[in-house]
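Encoded as C-alpha cells, the structure appears first; notes follow it.
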Amino acid sequence: MIAKKQDRIIAELNTLFPDAHCVLVHSNPLEMLVAVMLSAQTTDAAVNKVTPALFAAYPTAQDYADASLEDLEGYLKRLGLYRSKARSLKKMGQALVEHFDGEVPHTMKQLTTLPGVGRKTANVVLGECFGVPSVPVDTHVERISKRLGFAKRDDTVLDVERKLKRTLPRDSWMKLHHQFIFFGRYVCKAQNPKCKECHLVDLCKEPHKNL
DNA sequence: ATCCCGAGGG
DNA sequence: CCCTCTGGAT
C-alpha cells in the first residue's frame, strides 16, 4: 500500500466518522468482555438491550460461574446464538474464578484461554479496556481491508491483522478499527455497497456496484 | 432473503 | 477449511 493512498483513506474516514467509538454499553472490563462476546452475529443495539438486566443480575465472574443455564438463557433469549452464548458465559465465569481470581486478564494469551473468547474479542477488550494498542479484525475490518488493498483476497484474519499493524499508525489503531466498522456498516456494505457515493472507489479491488 | 464488531468443533 | 449455532431488524 502506497503511503499516499493510506493517508487518503484515513483522511476520508476522519471526515465521514470523526468520532467513531465503541457502541457497546459497559462500565468495566468484565462487562466489556461479556458485551463483545454477546455481539457475535448480533447487532450492538440488540446487545445493549439485554445487557442492563444481565449486568445487574451478574455483577461478578463468580455470579456467572454460579448461574443456572436456564436463567442465563432467559436474559439472552433475544440474541442470536443465545444458547451457546449462555454456555460460554457460565464457563467463562468458572475459568475467570479458577485461573484469574475472578479478574479479567490483560494479555492475549490469557484472554483467549477463556471459553467463548477468540482473538477478535480479546483484541477489543485489550484495546478498549486496557489501553493495549490492538487491531481487532471482524467481518467488516476484513472486508474493507481487502477491498481497499490493505490485504489480499485469501489472507486469513490473522494475516489481515498483521498487515494492518505493519502499516497503520499505532496510536490510531483502535480509532481506525471503529472507523472501518462504521464505513463497512454504512457505506462499504457486504452486499449492496454504496459505491456511487464512495470517495474511495478508485482504490477498490472489487468491481463497483450500484453505479 | 440477508445481515449482524465470532468461536469452537470436526 | 467448513459447518453450526441463533433471533431480530430491515
Side-chain angles (χ1 to χ4, degrees), chain A residues 13 16-17 19-26 29 31-51 53-54 64 69-70 72-96 108-129 132 134-148 150-161 164 168 172-194 209-210:
Chain A
L13 289 174
L16 290 175
F17 311 108
D19 39 36
H21 62 284
C22 178
V23 182
L24 294 168
V25 177
H26 65 284
E31 291 188 357
M32 188 62 203
L33 179 60
V34 171
V36 180
M37 246 192 53
L38 296 182
S39 71
Q41 292 300 107
T42 307
T43 60
D44 293 342
V47 173
N48 287 336
K49 262 184 208 172
V50 308
T51 47
L54 183 72
Y64 289 107
L69 274 182
E70 294 72 30
L72 274 174
E73 287 179 2
Y75 287 98
L76 307 183
K77 211 74 173 176
R78 282 189 265 170
L79 302 181
L81 319 182
Y82 73 97
R83 276 186 292 227
S84 53
K85 286 172 183 173
R87 266 182 271 124
S88 290
L89 276 189
K90 183 170 171 65
K91 285 199 200 169
M92 192 192 75
Q94 292 170 333
L96 284 173
M108 171 63 68
K109 180 169 283 205
Q110 292 172 319
L111 281 165
T112 49
T113 65
L114 298 170
V117 180
R119 189 172 182 88
K120 183 260 171 177
T121 300
N123 266 323
V124 174
V125 171
L126 288 171
E128 207 64 43
C129 300
V132 180
S134 306
V135 180
V137 177
D138 57 50
T139 158
H140 290 304
V141 175
E142 180 181 8
R143 184 179 68 255
I144 305 307
S145 297
K146 292 182 177 180
R147 284 183 179 170
L148 289 183
F150 287 99
K152 305 275 186 205
R153 181 173 45 83
D154 44 43
D155 280 343
T156 65
V157 285
L158 192 54
D159 292 330
V160 175
E161 180 181 332
L164 289 175
L168 297 174
S172 308
W173 282 357
M174 284 307 283
K175 184 169 186 65
L176 283 166
H177 157 72
H178 289 120
Q179 288 174 323
F180 272 46
I181 288 172
F182 276 75
F183 185 63
R185 200 185 287 166
Y186 299 117
V187 182
C188 196
K189 299 187 288 184
Q191 291 303 320
N192 276 61
K194 300 184 175 176
K209 298 183 176 179
N210 307 323

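In what follows, chains carry the letters A, B, and so on, assigned in the order in which the sequence lines appear, proteins first and then strands, with residues in each chain numbered from 1.
- As rounded to whole Å, 19 Å separates atom P of C:dC5 from atom CG of A:Leu89.
- Phosphate contact (OP1/OP2 of C:dT6, side-chain N/O of A:Arg87, threshold under 4.0 Å): present.
- Taking atom P on both C:dT4 and B:dC5, the two are 23 Å apart, rounded to the nearest angstrom.
- A donor-acceptor contact shorter than 3.5 Å links the side chain of A:Thr156 to the backbone of A:Asp159.
- Separating the NZ atom of A:Lys120 from the P atom of B:dG6 is a distance of 5 Å, rounded to the nearest angstrom.
- Rounded to whole angstrom, the span from the NZ atom of A:Lys91 across to the C1' atom of B:dA7 amounts to 11 Å.
- The distance from atom CZ of A:Phe180 to atom CG of A:Leu164, rounded to the nearest 0.5 Å, is 5.5 Å.
- Nearest heavy atoms, A:Gln179 versus A:Ala20: CG-CB, 3.6 Å.
- The separation between A:Leu164 atom CG and B:dC5 atom P is 18 Å, rounded to whole Å.
- For the residue pair A:Ala86 and A:Glu73, the shortest heavy atom distance occurs at CB-CG, 3.5 Å.
- The number of heavy-atom neighbours closer than 6.0 Å to NZ of A:Lys146, taken from other residues, nucleotides and ligands shown, is above 12.
- At the heavy-atom level, A:Ile144 lies nowhere under 4.0 Å from the strands shown.
- Going from atom CE of A:Met92 over to atom P of B:dG6 covers 17 Å, rounded to whole Å.
- Nearest nucleotide to the A:Asp138 side chain, out of C:dT6, B:dG6, B:dC4: B:dG6.
- Looking at heavy-atom distances under 4.0 Å, A:Thr42 makes contact with a base.
- Proximity of residues 174-187 of chain A to DNA chain B (heavy atom under 4.0 angstrom from any strand atom) is restricted to A:His177, A:His178, A:Ile181, A:Arg185.
- In this structure, A:Ala40 and A:Leu81 approach most closely via the heavy-atom pair O-CD1, 4.2 Å.
- Residue-level contact check: A:Val117 touches the backbone only, with heavy atoms under 4.0 Å from sugar-phosphate atoms and none from bases.
- When the nucleotides C:dC5, B:dC5, B:dC4 are ranked by their closest atom to the side chain of A:Leu81, C:dC5 comes out on top.
- Using atom C1' as the reference point in both C:dT6 and B:dT2, the two lie 14 Å apart (nearest Å).
- Heavy atoms only, all atoms of each residue included: A:Val25 and A:Asn48 are closest at N-OD1, 2.9 Å.
- Between A:Gln41 and A:Ala122, the residue anchored closer to the 5' end of DNA chain B is A:Gln41, taking for each the nucleotide with the nearest heavy atom.
- Taking atom OH of A:Tyr82 as the reference point, atom P of C:dG7 lies 5 Å away to the nearest angstrom.
- Looking at residues 32-40 of chain A, you'll see A:Ser39, A:Ala40 sit with a heavy atom under 4.0 Å from some atom of DNA chain B.
- Aromatic ring pairs are classed by plane angle as parallel below 30°, tilted from 30° to 60° and perpendicular above 60°; the pair A:Phe183 and A:Phe17 is perpendicular.
- Summarising the geometry, the separation between NZ on A:Lys85 and P on C:dT6 is reported as 10 Å, rounded to the nearest angstrom.
- A straight line from CG of A:Asp44 to P of C:dG8 spans 17 Å, rounded to a whole angstrom.
- Applying the 4.0 Å criterion to OP1 and OP2 of C:dC5, one finds that A:Arg83 has every side-chain N and O outside that range.
- Test A:Lys120, A:Glu31, A:His26 against A:Val36 for side-chain contact (heavy atoms from CB on, under 4.5 Å) and you get one pass: A:Lys120.
- Note: A:Lys49 NZ to A:Leu54 CG = 16.0 Å, rounded to the nearest 0.5 Å.
- Two residues, A:Thr121 and A:Arg143, neighbour DNA chain B, and the one matched to the more 5' nucleotide by heavy-atom proximity is A:Arg143.
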